[in-house]
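A short worksheet on the structure shown next.
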Amino acid sequence: MREYFIEHIRTALKTAGITTEKDIQLEKPADNKFGDFSTNIALVLSKECRKNPRQLSQEIAEKLSFEPGTVRKTEIAGPGFINFYLEPAFIMQLLEQAITEGDGFGQSLVGQDKTAIVEYVSANPTGPLTIGRGRGGVLGDCIANILEAQGYTVTREYYFNDAGRQMTILAESVRFRYLELCGEVIDFPETHYQGGYIKVIAEKLFEKQGNALLKSDDLAPFKQTAETYIFTHIKSTLHRLDITHDSYFNEHKLYLPDESEQSPNRQVIDLLREKGYIDEYDGATWFTTSKLGQEKDKVLVKSSGEPSYRLPDIAYHITKFKRGFSEIVNIFGADHIDEYPDIIEALKILGYDTDRIRVAINQFVTTTVNGETVKMSTRKGNADLLDDLIDDVGPDATRLFFIMRSKDSHLNFDVELAKKQSKDNPVFYLQYAHARICSLLRMADQEAGFILPTEGMHLMRKMTSDHEIRLGFMLLEFPEVIDVCGRFLEPQKMVEYLHGVAELYHRFYQECPILKAEPDIRTARIFLSVATRQVLRNGFRILGISAPESM
RNA sequence: GUGCCCGUAGCUCAAUUGGAUAGAGCAUCAGCCUUCUAAGCUGAGGGUUACUGGUUCGAGUCCAGUCGGGCAUGCCA
């Protein structure tokens, strides 16, 4: 529909003898008294045309012509906006596609024949998921859903590392707790994981093995048990939020030789060296980012001979390119803000098309307990667990909480408030609209004479009230909203949009009798309800929240 | 110190990426159920968009500076 207008405006410009490189912007005014659509083209062009914007808009508007039955009125307003008012019957006619396309309504062709990999969560198995991790998880999942709606074939990936120092500390932590169970007196070090789950794991091991591991120095059984337990736990937490990954990529793979008989890590070093970006000093191997204008070089291989995290991260991203994804999307927490530019630089040097990479960085979640902000730490074991939150407010509200805010702003999570809000929760407003429609349609179906004539969709064109038209018009925006969400990786736009849809439906429901209206109008309003339900459903699916049929 | 993000109603956050009178939820106040789900609707109050300049037809949005908060600035990941 937008293209329809843009085409006509372009034609009008040509007729008026104006040529320009500038894009034609079409907006939906905040207030519908300024029309259904609006363009600022005259304001944008007034400078290069050396004309005052009012006059220019007049000239353009005179050249505009639309097919009969589509545009009711064109007018010039304010400093030189050209506003368009649609014919209500035209809006309602367009709305028929929301019903005929059903679950596919809103699907776009942007990502047709393209593949995308979305990497998110990627927590190492050192402890249960915290609320902070939940934000990235839900954000990533919604973004993956949006890309799917745009037509991409999406792979959801989890990148993890079950080797290295943190895992050793984890294994030692379990071992200490195990030794306590065996009756030893242990001074549990502060540097180790304090969380209660460590004891649970130790108990499991003790139940199974007794004190058979008491004299052994081998950490392997502790590590193995801990990793299995924690990973299972993480996956089940994610599963409660309906988050599942298609693939798990173990960082360890990057340390082992691949078909070229060299490890991917080694290959990165060699290739960067060829390009002149590797230096060796202080016993370590460095990526010379100082040559790229950065303050310091970055360590790729430590003097101990072990790679630092940056090296496998670069190698990992190369695998994403080699696996042929057309779009590479990463969801990071704010703590990775300094890291990813290095990766991008390295990939650029190695000749990869980094424009295919998009990074969404979400700011941290702070929790307030009793009015005090609590800093969370997995190691100290004082972090609020995602599982507890889901217990308190349920999966739908948990998901909505995380994505109704822009990823760029800090999210302050008042855990007690979240519990209280279980009744006044923002998610209920959306779901209630859906349940209401379902109930209405059940009644329409049950009562004789209220059965939907299959051919009655065109009757929607008979609706004339403002409540009906505004709702219908908003429903038509759904495909556009998906694309905007995808373009900026900002699912909160969808929440805002669906809230608007629910609001307009509730108002329509309040003001317009549906089942009690005369037959043609009744049919029309039932179809409008069907279209609304479809948009809500499709939107809920993207957000990953349920669409209850009754509440 | 430097880099990135943020500062909007009493609180938590939006604002079509530069558009017209800055909007929602919660909280407060006043109305609406013998009528399709009141988890709803209608209305009221609440704002110098941290501050100071600049850019232009037009700034919460862009630029510079100041103040305040978060994250990073490890041979931790």
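Naming: A, B, ... by sequence-line order, numbering from 1 per chain.
With hydrogens and angles ignored, a donor-acceptor pair under 3.5 angstrom links the side chain of A:Asn83 to the base of B:A20. The base of B:C75 has none of its N or O atoms less than 3.5 Å from a complementary donor or acceptor on the side chain of A:Ser304. You won't find any donor-acceptor pair under 3.5 Å spanning the side chain of A:Tyr432 and the base of B:A39, going by distance alone. Checked by distance alone, A:His410 brings a side-chain donor or acceptor within 3.5 Å of a matching partner on the base of B:G69. For B:G19, the base has a donor-acceptor partner in the side chain of A:Asn40 [N/O atoms by modelled type, under 3.5 angstrom]. Residue side chain A:Thr126 does not reach the base of B:A77 through any donor-acceptor N/O pair under 3.5 Å, judged by distance alone.
Each of A:Ile361 and A:Glu549 was matched to the nucleotide of RNA chain B holding its nearest heavy atom; the match closer to the 5' end belongs to A:Ile361. In this structure, A:Val484 and A:Tyr509 both approach RNA chain B, and ranking their closest nucleotides by distance from the 5' end singles out A:Val484.
Within the 4.0 angstrom heavy-atom criterion, only backbone atoms of the sugar-phosphate kind lie near A:Tyr429; the bases stay farther away. Heavy atoms of A:Gln492 sit under 4.0 angstrom from primed sugar atoms or phosphate atoms, though from no base atom.
In this structure, the CZ atom of A:Arg310 is 10 Å from the C1' atom of B:U73, given to the nearest Å.
Checking B:A77, B:C71, B:A14 against every side-chain atom of A:Asn124, the shortest atom distance belongs to B:A77. Listed nucleotides B:U37, B:C36, B:U17 differ in distance to A:Phe488; the shortest reach to its side chain belongs to B:U17.
Remark: B:G40 base-pairs with B:C32; criterion is Watson-Crick or G-U wobble with both hydrogen-bond distances under 3.5 Å.
For A:Gln510, no side-chain nitrogen or oxygen approaches OP1 or OP2 of B:C33 to under 4.0 Å.
Within 6.0 Å of the NZ atom in A:Lys462, the count of heavy atoms belonging to other residues, nucleotides or ligands does not exceed 12.
Between A:Tyr159 and A:Asp313, the side chains place a donor N or O and an acceptor N or O closer than 3.5 Å (distance only, hydrogens not considered).
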